[in-house]
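Scroll down for the structure; my scribbles are underneath it.
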Amino acid sequence: MRLRVRESAHGPIVSDVGAGEIGPRVALKWTALEPGDTTMDAFVGLNYARDWRDFTRALEKYVAPTQSFVYADVDGNTGYYAPGRIPVRKGWDGSLPVSGDGSREWQGYIPHAQLPHTYNPADGLIVSANNQVVPASYAFSLGNPRNWAEPYRAQRITELLSAQPGGLTLRDVQRVQLDTVSPVWTDFRPVLLHTVPGSDLSRRALALLRGWDGNETIDSVQASIFEAWLMQLHGLAEDELETETRMNSLSVLNQLRRGGTLCAVSGQGDCAQVLTDSLEAAVADLRSRLGPDPQDWTYGKLHQVASNHRAFGGAGTGLAVQPLVSHAGRHQHGQRRAAPARHLCPDPRSELPAGH
């Protein structure tokens with residue numbers, strides 16, 4: 001088999017691979033595809049780093065993809081760095097194709113010393129949850145702001161850590177990792193509870209939500225109702241864009257709060273109607289999955305993670321992994337896609353109790 005690969009001065013031609021309908025040839029320019037990638041040298045340097053100076057010097061060699069690196073040492077110092085070659089663009093943010101005629105070339109890279117970083121922050125907290133890490137006044141563009149995760153996880157982590165001004169224990173951090181409270185519900189609650197239900201089942205669902213504290217445990221019926229409703233609302237722009245585009249929660253909330261134009265369906269209706277219709281669709285979905293009684297709509301029946309072995313996890317092998325019931329929703333620390341691993345490490349200089 002012969003595979004034809006075309007390249008240009010701006011990188012490989014990606015419109016040859018499943019994107020021919022774009023029309024003009026489209027190339028992908030990415031720092032990871034440029035010669036002189038020393039990212040592995042950075043990791044070697046990190047393994048020998050003994051202090052913040054060594055740590056940051058090693059990260060000077062990091063190229064791509066940009067990551068968040070957090071730092072802590074035995075002297076109690078903490079830090080954060082987001083290294084990598086990030087292009088300086090003038091007049092565009094890289095989210096859409098631009099002309100390859102030379103008018104939109106990169107103007108070098110953000111200097112390493114000016115990349116996002118902090119060392120021994122005044123409040124003692126470093127929170128990294130794919131959230132925006134620089135203020136609006138930051139001198140450079142880090143790309144389209146939509147690339148950042150919504151702020152909910154970072155806000156909730158900050159809230160929980162800030163509640164312990166006297167210092168954090170391993171158990172405090174464990175509570176953060178296992179937290180199941182949805183900050184999204186806090187924002188949406190005033191809007192959703194003004195919904196006019198369109199049926200008796202919607203009315204019952206809405207009544208259940210009124211006294212809910214947003215805790216998305218596996219036995220919570222309210223968590224199922226809210227997440228099913230939110231899933232319907234995320235499709236708010238589908239009729240305008242004529243695709244299955246999913247909006248994020250903040251965008252939906254802004255439309256609902258402001259009576260936005262996306263609430264209209266084919267030019268008809270408003271946000272009040274959208275809330276009624278989306279709640280109807282949500283309870284209909286739950287009824288079809290879990291039956292007609294809302295008391296049976298517990299979250300653990302819906303929010304599960306299956307992780308079968310790629311080779312031996314199929315039917316008939318006897319090795320299929322049972323789905324794991326997952327606490328919390330899409331904006332908590334587990335998110336929709338479960339992290340491959342998270343662990344808590346006690347201070348290695350302390351002695352663990354017997355049995356731990």
Side-chain angles (χ1 to χ4, degrees), residues 67-70 72 78-80 82 116 118 121-136 145-193 209-231 233-234 246-254 256-257 299-300 302-305 324-345:
Q67 300 283 339
S68 291
F69 285 79
V70 290
T78 58
Y80 166 93
T118 186
D123 61 3
L125 299 180
I126 294 174
V127 175
S128 175
N130 299 330
N131 53 297
Q132 185 167 333
V133 295
V134 293
R146 293 192 299 271
N147 293 334
W148 299 108
E150 296 177 80
Y152 293 112
R153 288 176 62 222
Q155 289 173 356
R156 180 61 178 164
I157 293 170
T158 302
E159 176 187 343
L160 292 170
L161 295 180
S162 300
Q164 306 294 333
L168 295 166
T169 67
L170 194 66
R171 192 162 297 278
D172 292 329
V173 179
Q174 183 181 49
R175 279 193 287 268
V176 173
Q177 292 278 21
L178 300 178
D179 179 59
T180 56
V181 172
S182 171
V184 189
W185 167 248
T186 303
D187 274 0
F188 271 81
R189 185 181 187 277
V191 176
L192 298 186
L193 293 186
L209 288 175
R210 292 196 184 281
W212 185 43
D213 61 0
N215 199 359
E216 297 196 319
T217 57
I218 59 175
D219 59 352
S220 172
V221 170
Q222 293 93 333
S224 296
I225 296 170
F226 172 58
E227 290 293 341
W229 196 354
L230 190 61
M231 185 173 69
L233 289 169
H234 280 174
R246 312 298 291 175
M247 294 174 63
N248 65 33
S249 297
L250 273 179
S251 298
V252 171
L253 184 61
N254 287 334
L256 296 176
R257 282 174 170 170
Y299 198 42
L302 292 174
H303 202 240
Q304 300 184 0
V305 178
L324 300 176
V325 177
S326 175
H327 292 263
R330 69 191 70 213
H331 294 287
Q332 281 95 323
H333 318 311
Q335 295 187 289
R336 280 176 292 180
R337 298 173 181 83
R342 286 195 176 100
H343 58 272
L344 300 167
C345 300

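The structure displayed is predicted, hence computed values, not measured ones.
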What pairs with Thr169 under side chain to side chain donor-acceptor pair (under 3.5 Å), at least two apart in sequence or on another chain?
Asp172
With Glu159, which residues qualify under side-chain contact (heavy atoms from CB on, under 4.5 Å), at least two apart?
Arg156
Residue pairs passing the ring pair (Phe, Tyr, Trp, His ring centres under 6.0 Å) test where at least one lies in residues 168-193, sequence neighbours excluded
Trp185-Trp212, Trp185-Phe226
Could you work out, with side-chain contact (heavy atoms from CB on, under 4.5 Å) as the rule, every residue matching Leu250, not counting sequence neighbours?
Glu150, Pro151, Tyr152, Asn248
Between Leu233 and Leu192, is the side-chain contact (heavy atoms from CB on, under 4.5 Å) condition met? List the steps.
CA-CA 11 Å; Leu233 289 169; Leu192 298 186; 4.0 Å; yes
Considering residues at least two apart in sequence or located in another chain, which fulfil the side-chain contact (heavy atoms from CB on, under 4.5 Å) criterion with Asp123?
Pro121, Leu125
Checking the side chain of Gln132 only, and the main-chain atoms of Val134 only, is there a donor and an acceptor separated by less than 3.5 Å?
yes
Atom CG in Asn130, atom CH2 in Trp148: separation rounded to 0.5 Å?
9.0 Å
Do Asn215 and Thr217 get their side chains close enough for a donor-acceptor pair, meaning under 3.5 Å?
no
Looking at side-chain heavy atoms only, is the closest gap between Ile218 and His303 below 4.5 Å?
no
Rounding to 0.5 Å, atoms CG (Asp179) and CZ (Arg153) come to a distance of 11.5 Å
Give, for atom CD1 of Ile126 and atom OG of Ser68, the distance between the pair rounded to the nearest 0.5 Å.
10.5 Å
Rounded to the nearest 0.5 Å, the OG atom of Ser224 sits from the CG atom of Asp219 at a distance of 10.0 Å
Between the side chain of Gln164 and the main-chain N/O of Leu160, is any donor-acceptor distance below 3.5 Å?
no
Quick one: list whatever passes side chain to side chain donor-acceptor pair (under 3.5 Å) with Arg246, sequence neighbours left out.
Glu238
Results of side-chain contact (heavy atoms from CB on, under 4.5 Å) for Arg210 - residues two or more places apart only
Leu193, Leu206
Straight-line distance of Thr186 OG1 to Gln155 CD, nearest 0.5 Å:
10.0 Å
Going by heavy atoms in the side chains, are Glu216 and Glu227 under 4.5 Å from each other?
yes
Trp229: which residues meet the ring pair (Phe, Tyr, Trp, His ring centres under 6.0 Å) condition with it, sequence neighbours left out?
none
Write down the atom of Pro116, the atom of Tyr80, and the distance for their closest heavy-atom approach.
O-CE2, 3.9 Å
